[in-house]
J.: 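Quick one: structure below, then a few questions.
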Protein chains: 2
Amino acid sequence: MQKSQATIKQIAQELGVSISTVSRALQNNPRIGLRTRERVWELARQLQYRPNPAALVLKKKHTRTIGVVLPFLKEEFFSTAITAIEDVLTGYNVVISQSRDELEREKGALATFLASRVDGVIASISAETHHYLHFKELESFGIPVVFFDRVPRRLPAHKVRSNISTAARELVDFLADRGLERIALLNGPAQLEVSEERQQGYLQAMKERHLPIDPSYVCSSDLSKADTQAKVDYLLSREPKPQAIVAFNDYISLYAMERTQALGLIPNQDVYFVSFANLPMMEYAAHPPLASVDQFAYTMGEKAAELLLQLIQSPEEIPYQELWVETQLVIH
Amino acid sequence: MQKSQATIKQIAQELGVSISTVSRALQNNPRIGLRTRERVWELARQLQYRPNPAALVLKKKHTRTIGVVLPFLKEEFFSTAITAIEDVLTGYNVVISQSRDELEREKGALATFLASRVDGVIASISAETHHYLHFKELESFGIPVVFFDRVPRRLPAHKVRSNISTAARELVDFLADRGLERIALLNGPAQLEVSEERQQGYLQAMKERHLPIDPSYVCSSDLSKADTQAKVDYLLSREPKPQAIVAFNDYISLYAMERTQALGLIPNQDVYFVSFANLPMMEYAAHPPLASVDQFAYTMGEKAAELLLQLIQSPEEIPYQELWVETQLVIH
DNA sequence: CTGTTAGCGCATTCAG
DNA sequence: CTGAATGCGCTAACAG
């Protein structure tokens with residue numbers, strides 16, 4: 001009743017030939033007679049033979065598996081990126097792990113990847129990540145790592161990223177063009193490079209536009225809903241109140257607007273919001289941000305996967321690559 | 001520079017002991033002298049030794065890997081379920097594959113799972129799935145399969161599901177209680193058992209409430225946005241127009257309302273909507289359904305994973321289990 | 001307390 | 001054209 005997976009050994013026995021003959025036949029090695037080859041293939045088909053990947057791993061030195069660590073699958077940005085990764089990495093097993101924005105989980109995921117000998121890793125770092133030893137360890141074993149979107153700051157590494165600081169400037173410009181002056185930044189965790197870039201772009205644009213720069217207008221959330229809303233309370237209690245808020249991403253902007261409303265203010269009327277990501281679901285939101293920077297999740301995943309593929313396949317060391325994907329400001 | 005992963009063989013050589021001594025020492029086998037054990041552990045630590053899973057797979061007869069196939073990662077219902085699965089299956093590698101509601105992808109995923117010798121599979125079937133040979137094949141090799149949420153109709157199998165037909169009745173009751181009479185059903189693909197159940201509950205409630213049952217008020221979408229909106233056009237062109245629509249799930253309901261609005265009608269005013277899933281993002285939607293049946297994604301994933309764990313661990317055959325998880329009507 | 005050996009499934013080198 | 005033998009990394013039965 002309960003079949004067990006066939007092996008070349010069984011095939012060999014049943015056919016009265018040697019294991020190596022079967023092995024070669026299955027690889028269509030021309031050294032094996034056509035007749036024999038056909039018999040082997042036929043029996044293999046009947047027995048539903050499938051090579052045991054574990055055995056192959058032992059021989060060849062790769063697993064045809066790559067690991068992906070990212071904060072949350074439920075964020076459409078990331079699930080879209082994964083779809084792209086799958087599309088590019090056909091023939092590979094891609095195993096996904098959520099860090100849930102916790103450093104410990106991220107480390108755990110990488111430990112598992114290392115233990116299971118993945119051929120490469122694609123990563124978007126957690127909100128808590130402030131060192132990269134766990135990533136460097138993989139590289140020290142020759143396992144290439146490609147970061148995308150949330151890439152480590154100042155760490156030489158393979159990266160696929162978008163020009164966040166330029167995008168942040170565009171967002172400020174967008175608001176300034178509409179006559180808004182007191183613009184706040186509700187940023188992500190400071191150690192994330194992508195937060196730093198937002199701040200940099202924001203500051204630069206504010207300066208260029210000769211808008212008032214108030215340090216208390218800039219704060220960073222750990223990306224949780226609770227902390228985000230606490231920061232909104234803080235921001236909206238400033239005097240004078242900011243007229244607009246640049247949010248870390250669409251989710252943060254949603255949380256922030258919810259809180260704004262709870263405080264008796266009308267989002268995008270009393271306080272304007274703009275953000276990053278431009279998730280499709282924003283189309284259905286009660287209060288979408290006025291504008292959002294599309295980061296093209298699919299393209300980023302695609303580029304990251306393509307780069308990883310190169311790294312895996314290239315025999316010699318490749319210097320760290322830094323790929324940029326364009327962003328696009330979209331107005332809602 | 002580029003380390004390669006250490007093996008027990010290397011450790012043995014360096015320490016001048018035999019391979020099996022190292023193997024046993026690493027397993028803390030008391031037969032090995034404490035002194036030796038410590039030396040082995042110490043060197044293993046230094047060399048960052050990690051057992052090669054491929055070698056283990058060849059010996060033991062399991063991979064400590066389980067596969068999950070489901071339609072779309074980007075649907076929060078599924079990504080939440082996955083989080084639960086990960087939480088339960090600590091120590092397992094869980095590899096995820098999206099069918100994208102295509103039968104061929106689903107088959108491909110299962111073929112990969114079979115080839116890679118996963119210890120078990122958790123599945124939520126695609127919209128196109130109308131036979132289950134690919135699942136049965138896994139079972140014929142002794143690989144247990146647990147279906148959740150979108151479970152196959154009339155196929156004896158391990159299932160974790162919610163009582164959809166009862167929930168559908170509650171939804172109709174909810175509408176009827178508000179004096180609505182012409183209630184339509186915008187269902188999913190007919191071959192999905194979950195569609196059938198919705199229809200059954202709908203019909204039964206309509207009958208009990210003595211509401212008019214009009215076959216043209218019932219239609220099924222392939223779950224794509226385009227087809228869904230075409231079906232909305234159809235439904236809203238009926239005479240008389242339905243007063244309310246029970247949608248297959250929250251996404252369908254969102255698509256439907258968008259279309260309704262495009263047709264010049266006001267959702268939840270000219271036509272009322274209710275649906276299934278109760279996704280968290282509905283909280284932020286411009287037009288959330290009036291009511292949605294919460295299906296407790298996390299619990300479903302959890303139950304499915306727990307059941308699978310039992311099946312994997314149990315030495316003897318376990319008869320097909322059917323687990324139910326409660327639903328809850330939530331009013332927005 | 002420790003070493004030797006066989007074998008998991010497969011590719012491959014070396015013989016014939 | 002085909003077979004025997006070896007080894008990938010590891011565990012476990014068997015020997016001492």
Side-chain angles (χ1 to χ4, degrees), chain A residues 3-41 43-44 47-65 112 114-119 141-143, chain B residues 3-41 43-44 47-65 112 114-119 141-143:
Chain A
K3 293 179 277 182
S4 67
Q5 305 254 55
T7 66
I8 49 172
K9 190 176 177 181
Q10 289 169 30
I11 298 184
Q13 281 173 344
E14 210 146 324
L15 253 38
V17 298
S18 79
I19 289 183
S20 43
T21 300
V22 175
S23 173
R24 283 191 277 248
L26 256 12
Q27 295 168 81
N28 283 320
N29 188 320
R31 284 165 57 192
I32 301 296
L34 189 58
R35 184 79 196 88
T36 318
R37 237 187 296 169
E38 279 170 350
R39 286 176 60 220
V40 169
W41 273 99
L43 186 56
L47 265 39
Q48 305 190 67
Y49 168 78
R50 281 175 190 77
N52 186 329
L56 295 203
V57 167
L58 236 44
K59 299 269 353 165
K60 325 282 191 99
K61 284 315 193 188
H62 57 253
T63 54
R64 293 221 142 244
T65 295
T112 306
L114 180 53
S116 59
R117 269 73 168 173
V118 296
D119 291 341
F141 282 107
I143 301 174
Chain B
K3 294 178 278 180
S4 66
Q5 305 253 57
T7 66
I8 48 172
K9 190 175 177 181
Q10 288 169 32
I11 298 184
Q13 281 173 343
E14 210 147 325
L15 252 37
V17 298
S18 82
I19 289 183
S20 45
T21 299
V22 175
S23 172
R24 283 192 277 251
L26 255 14
Q27 296 169 77
N28 282 320
N29 187 321
R31 284 165 54 190
I32 301 295
L34 189 58
R35 182 84 196 85
T36 318
R37 237 187 294 169
E38 279 170 350
R39 287 176 59 219
V40 169
W41 273 100
L43 186 57
L47 264 39
Q48 304 190 68
Y49 167 78
R50 280 174 191 76
N52 187 327
L56 293 216
V57 168
L58 235 44
K59 296 284 325 176
K60 326 280 192 102
K61 286 312 192 189
H62 56 253
T63 55
R64 293 222 139 243
T65 295
T112 305
L114 181 52
S116 59
R117 268 73 168 171
V118 296
D119 291 341
F141 282 106
I143 300 174

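This one's a predicted model, so the numbers in the text were calculated from it and none came from an experiment.
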J.: Quickly work out the Leu58(B) CG to dA11(C) P distance and round it to whole Å.
T.: 12 Å
J.: Checking all strands, does Thr7(A) fall into the base, sugar-phosphate, or nothing category for heavy-atom contacts under 4.0 angstrom?
T.: sugar-phosphate
J.: Within the 4.0 Å heavy-atom criterion, would you say Ile19(B) contacts the bases, only the backbone, or no part of the nucleic acid?
T.: base
J.: Side chains of Ser23(A) and Ser20(A): donor-acceptor distance under 3.5 Å anywhere?
T.: no
J.: Side chain of Leu56(A): nearest nucleotide among dA11(C), dG3(D), dC8(D)?
T.: dA11(C)
J.: Over all strands shown, is Val57(B) touching base, sugar-phosphate only, or nothing at heavy-atom distances under 4.0 angstrom?
T.: nothing
J.: Taking all atoms of both residues into account, what is the closest heavy-atom pair of Val118(B) and Thr63(B), and its distance?
T.: CA-OG1, 3.6 Å
J.: Rounded to the Å, how far apart are Lys60(B) NZ and dA12(D) P?
T.: 5 Å
J.: Please determine which of Val40(A), Ile32(A), Thr36(A) meets the side chain to side chain contact (heavy atoms under 4.5 Å, CB included) test together with Arg24(A).
T.: Ile32(A)
J.: Is there a side-chain polar atom (N or O) of Lys9(A) under 4.0 Å from OP1 or OP2 of dC8(C)?
T.: yes
J.: Tell me, with the steps shown, if Tyr49(A) and Gln10(A) meet side chain to side chain contact (heavy atoms under 4.5 Å, CB included).
T.: CA-CA 10 Å; Tyr49(A) 168 78; Gln10(A) 289 169 30; over 6 Å; no
J.: Between Gln27(A) (CD) and dT12(C) (C1'), how many Å, whole number?
T.: 9 Å
J.: Whether the side chain of Arg50(A) and the base of dG9(C) hold a donor-acceptor pair under 3.5 Å is what I'd like checked.
T.: no
J.: I need the CD1-C1' distance between Ile8(A) and dA5(D), as an integer number of Å.
T.: 14 Å
J.: What is the distance, rounded to the nearest whole Å, between atom CG of Leu15(B) and atom P of dG3(C)?
T.: 10 Å
J.: Rounded to whole angstroms, how far apart are CD on Gln13(B) and P on dG7(D)?
T.: 13 Å
J.: If you check every side-chain atom of Thr21(B), which of dG3(D), dA11(C), dT2(C) has the closest atom?
T.: dT2(C)
J.: Between Lys59(B) and Arg31(B), name the one whose nearest nucleotide on DNA chain D is closer to the 5' end.
T.: Lys59(B)
J.: Using whole Å, what does the distance between atom C1' of nucleotide dA11(C) and atom NE2 of His62(A) come to?
T.: 12 Å
J.: Within this structure, what is the CG-to-C1' distance between Asn52(B) and dC8(D), rounded to whole angstrom?
T.: 9 Å
J.: Ignoring hydrogens and angles, answer whether the base of dT13(C) and the side-chain atoms of Arg24(A) contain a donor-acceptor pair closer than 3.5 Å.
T.: yes
J.: Work out which heavy atom in Ser116(B) is nearest to a heavy atom in Pro53(A); give both atom names and the distance.
T.: CA-CG, 3.6 Å
J.: By nearest heavy atom, map Ala6(A) and Thr36(B) onto DNA chain C; which one lands nearer the 5' end?
T.: Thr36(B)
J.: Can a donor-acceptor pair under 3.5 Å be found between the side-chain atoms of Ser20(B) and the base atoms of dT5(C)?
T.: no
